[in-house]
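To start, the structure itself, in structure tokens.
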Amino acid sequence: MLKVSGLHQYYGGSHILRGLDFEARLGEVTVVLGRNGVGKTTLLKSLMGVVPIRSGAVTLDGVDISKDTSYDRVRKGMGYVPQGREIFGRLTVEENLRMGLASRPARTPIPAELFELFPILKQFMHRRGGDLSGGQQQQLAIARALAPGPKLLILDEPTEGIQPSIIKDIGRVIRMLADRGDMAIVLVEQFYDFAAELADQYLVMERGEIIQRGRGGDMEAEGVRGLMSI
Amino acid sequence: MTSSLDLTPRRGLLLGPKGWAAVMAAAITVTVLAPLLNLVVPEGHAFHLSDYAVALIGKIMCYAICALAMDLIWGYTGILSLGHGLFFALGGYGMGMYLMRQIGRDGNYKSDLPDFMVFLDWKELPWAWTFSDSFLFQMAMVVLVPGLLALVFGFFAFRSRIKGVYFSIITQAMTFAAMLLFFRNETGFGGNNGFTDFKRILGVPIALPETRMMLFVLTGLTLIGFYLMARWIVHSKFGRVLQAIRDAESRVMFTGYDPLAYKLAIWTLSAVMCAVAGALYVPQVGIINPGEMSAAASIEIAIWAAVGGRATLIGPILGAFFVNGAKSWFTQVFPEFWLYFLGALFIAVTLFLPQGIVGLFDKFSSKKKETRA
Amino acid sequence: MALLAPVAHALTPDQAAAIAIGDTDSRIAALNKSAADADPELAPFVRALLDGEVKTADGKVYVVQGDKTAPDTAEDVINNNRMRGALEAALGALKLVSPDAKVRAEAVEELRKQSLDEAQLPLIEKAWAAESDAGLKSRLALMRATILVSSSDVAKRLAAAQALSASSEPAVKSLLQERLAPGVETDPAVRGALMTALDAVEGRLAWGERLGVLFTGASLGSILLLVALGLAITYGLMGVINMAHGELMMIGAYATFVVQNLFRQYLPGAFDWYIVLAIPVSFLVSALVGAALERSVIRWLYGRPLETLLATWGISLVLMQGVRSLFGAQNVAVENPAWLSGGVQVMSNLILPYNRLAIIAFAFLVLAGVTLMINRTRLGLFVRGVTQNRRMAACVGIPTARIDTYAFSLGAGIAGLAGCALSQVGNVGPDLGQGYIVDAFMVVVTGGVGQLAGTVYAALGLGVLNKFLEGFAGAVLAKIMVLVCIVIFIQKRPQGLFAMKGRSAEA
Amino acid sequence: ADTIKVGILHSLSGTMAISETVLKDVALMTIDEINAKGGVLGKKLEPVVVDPASNWPLFAEKAKQLIDQDKVAVTFGCWTSVSRKSVLPVFEEKNSLLFYPVQYEGEELSKNVFYTGAAPNQQAIPAVEYLMSKDGGSAKRFVLLGTDYVYPRTTNKILRAFLKSKGIPESDIMEEYTPFGHSDYQSIIAKIKKFSSEGKKTAVVSTINGDSNVPFYKELGNQGLKATDVPVVAFSVGEEELRGVDTKPLVGHLAAWNYFMSIKNPTNAAFIKQWSDYAKAKNIAGHKDKPLTNDPMEATYIGIKMWAQAVEKAKSTDTDKVIAAMAGQTVKAPGGFTSTMDKENHHLHKPVFIGEIKADGQFNVVWKTPGPVVADPWSDYIAENKGKKNVPEKK
Amino acid sequence: MTPDLMESMREVRERHEARTQQAGASGGDASFGRLLQAGQPDFTQGVALYLDDITVSFDGFRALNKLSLAINVGELRCIIGPNGAGKTTMMDVITGKTRPDAGRASFGSTIDLLRLRENDIAQIGIGRKFQKPTVYEQLSVFENLELALKADRRARASLFHRLSGEQLDRIGEILQLIHLKGEAQRTAGLLSHGQKQWLEIGMLLMQDPKLLLLDEPVAGMTDEETERTAELFLSLEGQHSLVVVEHDMKFVDQLTEGRKKVTVLHEGSVLAEGRLSEVQANEKVVEVYLGR
Ligand SMILES: Nc1ncnc2c1ncn2[C@@H]1O[C@H](COP(=O)(O)OP(=O)(O)OP(=O)(O)O)[C@@H](O)[C@H]1O
Ligand SMILES: Nc1ncnc2c1ncn2[C@@H]1O[C@H](COP(=O)(O)OP(=O)(O)OP(=O)(O)O)[C@@H](O)[C@H]1O
Ligand SMILES: NC(N)=O
Ligand SMILES: [Mg+2]
Ligand SMILES: [Mg+2]
């Protein structure tokens, strides 16, 4: 599904991503782990085209998308939950969700499942996104990315600030989406237990490099928890 | 905790040795070189500095002071003032009133009153003019009137937490209102004409080359002095609080600083700097009128600062010289097309030099370093 | 040479010459003499005189109409205001007895504007007696009364004074005041009637004035609204401190000018409808210029509002000078179509000019359009989303670059519409925009940045406030007061009239 | 040098560009004409054009530049009185010459300036006299409406005194000012209507300057204030200003000038033709399609020609010699008379015309002085001027 | 947690304690500024923060509904509750950002918080970390900390302020603690999310407030960092009062050490209070918050 090879990224002079190679497959959750500042968010931004990549290739279904704009990538089936929520503060909840449907034809209805997953969104349909609490905003951000039904879903620390019960729900949803087999999921997560539970495949990053990778089931055994400490 | 000292940035020094050398060079240029070239070197000689050039540079130095003042409030504190033209003009009017009185009975109507009052039927000096024949009093007014206005205006505005464009717009409204007020002849400051036809300052004929040179030198030294003061301020913790206010005012408050006091202090100081510039400007240019309070005049000050490079102090000074120099030159060489060039210049600077002219220097010097490394 | 042959059935060439040549006194005498015969054949000649179609050469009079010409040496007959007044009066008098009620109504209207004196009494009485239309008759009665109120007959004076209380003419008010001046009217009964009449007339006039203030305020407000609407998009929504907004308006106005000229040249018959085409053209031209600006300059400056100030300032200089090079530094003439000239007389002291009415309506149409477009369409949603968070908008699949261009062009296009409207009331020149840019920003900011509703209230509020203050403080002081009000108002509402509240305001 | 430099100091940008740009062009045309005939003192004239951009302090700076840097022999320039006042000290200090081509308020007489426009008695006073005459409509009440600056203020002060001397009571005079660039005349016209409806015949004397005239006249037309009811006489509205206005509703309103384009005489026909050809040849925007001439253009034209003659007479461009030679110079003016430079007072003797606006934007001359009028810069209607001689002070 | 880190943390704590004692001995905390002298909070009653019947509504929606809460001096209190329960709003009320519609809030037993402006509240010793990290983006990490440093906040004082060696050391310590020593001269805006989070905690420590309000301090941190943070907070307990809002139950567990009180907010008021294990067993809490 998604294939990254030889990806390098810089901010100004500093080398942030140093030659990443990995693949995210349909029906699988690929978890990216790593401490603060190792470049996880930068990686996802590069995948989304938010920052243009310096060198390397990103292909989606075999098509090179590394020169595409963000919105083209979305049209090709990518969905993104950024770190820091980035909801549209002055749009209502409903409008935020409609924005999420931008890549679909006009009049596509907002999928009803979203409201089952995040009931608060239905209740606050006409409240402005910016007025929501932090966790509510995070829920909205996830719902927005799910709305158009992407083929590749990219999540940057989606559980941040969310109450335990909903984290569990989100976990269930991610699992279900992956199991349906028509979606690939890339999940950046610091919350080890959550990550470990969902991972089909895991990557550990350190200073812009992937220092370890493996199957999700082997995480504990391979001492990933230890890699996350200093 | 051994190595904490190397964490401190290199500051504490007001200027490096190179910086001091540059300041000294600038000081010598205005106090020695310019007078020499203008007064001693004979006209026609290749190195002669013409009266026109003296007047032009003198004027631009006044503008540079304004740009510097703008940098303190805008570049460092993030408050875009569109009212600096007003402070400049008020300073100018303060000086202008004194100069009008210095004309004495040499005006058209041989009256004790300034000419415009005579033909507009004023029978006696309006109250605001009571002490205008005293140089010291008027100089105090140059500082006090704009200073107090800024203080009061700023106090209310900052207390109400007016920020961003809202602040810009009310400063503009204030300036615009003042302009309309001064345009009115009833206001008693010469209406649209303002003040012109000055004859003397402190009893000395104002047109004498020596007088002009004195004013020039004074302006130059004021500019240098203000620059050093501004540098000292922005390098103090006070200066960093200002920048913090610019970046995240609420965070500053939640850390226990009262932004009101900081903003008010820098705002008032900035206004007074402009006023002093205005006072220096008027005797050199020979006219002050409400045009200085137009919206465009204030915006231009911001433009000098932006073109030079914000939050750099030296940038706005360079910007003032660059823009005004370019304007003078363009109007002369391409009187019909100069606006194209000036407009294109502004566009180009924003597109290609986001850090302003100073950014260009930085780019060069960092490139040099890179190639050397 | 058809020497007046078709005109002068009853008008001998000598009579015509006496009316056309000589000093004003003698010409008026000759005119009145001919008019006294009430010969309807005089009318075409008078009309021709008024239209400047009469020439003289060597004491002979030529009417130059259609294919009729005069010798090369002929000179125009010059009518000064006094002569023109007399000609109009004569024409009016002639029309007053016309069999056509519409013509008579026009004549009455013309008479109303003149100060009447005893000399006209017989004419008016005659017309009044003959008038069959009730409305016209009562108006003639009022005119008659204005003359009779100074009659020497007390009864007539009393009747006239009573009749006059139905009037709403300012002239009647001063007439009544004159009559009431000490020593003029001595009869107590008549004085009483005069007093009652004066009260009634003054009351009506006061209403006219009040409505007048409201109307002029609304009219100024609608102009401010039009001027600010485009800015509410480019600045309010997109955050571009667009100093070139005024110049985009100017471009719209010049587009109107060009369309007008094309009509004049190629479609003179449809000239009155040039404005219908000018509206879309001015929108398109400004929008295109806006699109070009967005693509070339603004694009690189999103998220750096202060840089946009600098760049758009530069753009405004270039655009202004561009127009100066293209069209000259002088103003150009944009004519109101005939149907936008003049106004409806609502009260004797309240005329609502058509062009201002049209602009008010137009402003609200544009407002409605913009509101619908921003709040109800998908494009509008995208525009709002993109302008809030450009990067994230791209990450939900919105072609932000295109949306930005659309949004900026829309703002620019609306500026063009404003320019088109302004061309109907003010100057069209290279500086057109400069005069409005400050006001535009004031309105947008006072209303609350990004708040369309705020813009509307601010525009109308400032317009009416300004006109209300102008009533007693004069234009300059009123403007100063309005500005001071804005400063004070912002103290109370630091985020404008329609402030964004709560957390989303910080986002 | 083998050329003589002359400065041209008119705003080519900013608010005054509307009026001033064309003066620059007409100056260049006149210089071309003189050069075509061999120049002055055998040398060609070399114009130095600068743009003071409607900014008064910049006028002073540019004047300095012209004199100091370019060493011009004479400068033709300025429109508003403010700009003139701003450059005046420069010309006096450097003892250089300025030719000022626009009607103004008087109250000034500098030895370094030649005023080729009208003083108040050559424009304002005759115009008001006309309004009071029977042909002018026997006005008894006056609205003095102007832009708020020195020229209208002073002119109105003089007019007030004049009206008073004619027995018009204060209560019959309404004075009203608007700022430069004012664009909304709804209220003011409503006020005028009210004032005029209060009885006697009313006339408006307009000293509105610049851009504001267009909205003023448009509103006048819309509110149906016709010339036969309330005539407006303007002192700063000429052919060029009316270019931007639909004049059909304005027919009959008046302007007072010393020249109108519509004046018929061979000199004027030649002048207009020369200008039309020049505008076409130089592709001057606006004028190439619809050439117009006006009073300040004529005054510029006369000024330059007169200066050239004076230089020939003085055989030098030296300021003092030229000043001396200027006295009594004559030029056959397009206005139809021979314009003479007064022997002493630096003003031209000028005829006064009053014109009514025609539907095509031109003026019908409805009244004129029998011959040129001598300027009275220190108007006698201003008390302080009693006893002042119309002679510049010698320095 | 590595031993040397523990070590350095203890050092920090001890040195700091020594310093505050010293200051106390030398007659009052002069550097605290005028407000403190005027209205010293009174902690003799043992209460650091007291909220009584606080109600906040936004356009009719009650974010806080008669919320009452008391935090003791030196107490570390964890507050949990569903998204939108009103936790952040509560902090907004305490720090003066939001004015409640009704209720009382006092610092110590004397100071009425509802009368003070934000900066005064900060001055008397209430510090806050926001849910969304806020730092001075254009200043360096070092300068961010410097500005937070406890010192005279008045304008004139900062104009003449110079860092003492001691203060410099303290900044160094904190930099070490928040793992940003290598980034000291970097512009704060360029830090990653988690780094900003740390920087903000560092700033709070520099400020040395009596009451720390921490809104989701470990969001975006690794488990290991979370533990470290817990250690850090525990080390502050006693000297300072802390209010910590978190959704991470492991973190809360560590902080409460199995015995401290946890408050559960729901729909703007207190739903339950008690030890973590107790509230975790509460049916209602499980339903609205923890989930099954
Ligand atoms: N715009 C930027 N310019 C320069 N450096 C940046 C920029 N954004 C991030 N960095 C740096 O790049 C590095 C990687 O940042 P990134 O945000 O990808 O980290 P992360 O792994 O997502 O961390 P976290 O877990 O804290 O979110 C960090 O050292 C950060 O300081
Ligand atoms: N300005 C506002 N307008 C409308 N509703 C608001 C506003 N501010 C907050 N709210 C609502 O108030 C409630 C409380 O919000 P608050 O941020 O305090 O929750 P929280 O407990 O901090 O949640 P989280 O755990 O998600 O951060 C939320 O439902 C939120 O939507
Ligand atoms: N002299 C003038 N018109 O200002
Ligand atoms: Mg990250
Ligand atoms: Mg919260």
message: As an exercise: rank B:Val285, B:Asn289, B:Asp197 by heavy-atom pairs under 4.5 Å with chain D and give me the winner.
response: B:Asn289
field: Proximal component of B:Ser328, with respect to chain D [non-hydrogen, under 4.5 Å]
entry: both
task: Look at the aromatic rings of D:Phe162 and D:Tyr381 and report parallel, tilted or perpendicular, splitting at 30° and 60°.
output: perpendicular
- prompt: B:Ala55 versus chain D, heavy atoms under 4.5 Å apart: side chain, backbone, both or neither?
  reply: side chain
- request: Find the one option among D:Trp378, D:Tyr151, D:Phe59 whose heavy-atom pairs under 4.5 Å with chain B are most numerous.
  value: D:Trp378
query: For D:Pro179, is it the side chain, the backbone, both or neither that has a heavy atom under 4.5 Å from a heavy atom of chain B?
result: side chain
- request: Mind telling me whether B:Phe195 and B:Tyr93 have parallel, tilted or perpendicular rings, with 30° and 60° as the class edges?
  value: perpendicular
message: Between D:Asp68 and chain B, with a heavy-atom cut-off of 4.5 Å, which part of the residue counts as in contact: side chain, backbone, both or neither?
response: side chain
task: Under 4.5 Å heavy-atom distance to chain B, tell me which part of D:Glu61 shows up: side chain, backbone, both or neither.
output: both
message: Counting the benzene-type ring for Trp, do B:Tyr63 and B:Tyr281 have ring centres under 6.0 Å apart?
response: yes
- prompt: Under 6.0 Å between the ring centres of D:His346 and D:Tyr100?
  reply: no
- prompt: Pick from D:Trp56, D:Phe91, D:Tyr115, D:Trp79: which one makes a side-chain contact (heavy atoms from CB on, under 4.5 Å) with D:Arg84?
  reply: D:Tyr115
- request: Please flag which part of B:Thr331 lies under 4.5 Å from any non-hydrogen atom of chain D: side chain, backbone, both or neither.
  value: both
field: Part of D:Gln65 lying under 4.5 Å from any heavy atom of chain B
entry: both
statement: From the list B:Trp338, B:Phe198, B:Phe116, B:Phe183, the residue making the most non-hydrogen contacts under 4.5 Å with chain D is B:Trp338
- prompt: Side chain, backbone, both or neither: which part of D:Lys157 has a heavy atom under 4.5 Å from chain B?
  reply: side chain
- request: Counting only heavy atoms closer than 4.5 Å, note whether B:Asn193 contacts chain D via side chain, backbone, both or neither.
  value: both
field: Part of D:Leu12 lying under 4.5 Å from any heavy atom of chain B
entry: side chain
field: Stacked cation flag B:Arg184 on D:Tyr177, 6.0 angstrom / 45 deg
entry: no
task: Enter the distance from D:Leu58:CG to D:Ser11:OG here, rounded to the nearest 0.5 Å.
output: 8.5 Å
message: Between D:Glu170 and D:Arg160 (salt bridge meaning N to carboxylate O under 4.0 Å), is one present in this structure?
response: yes
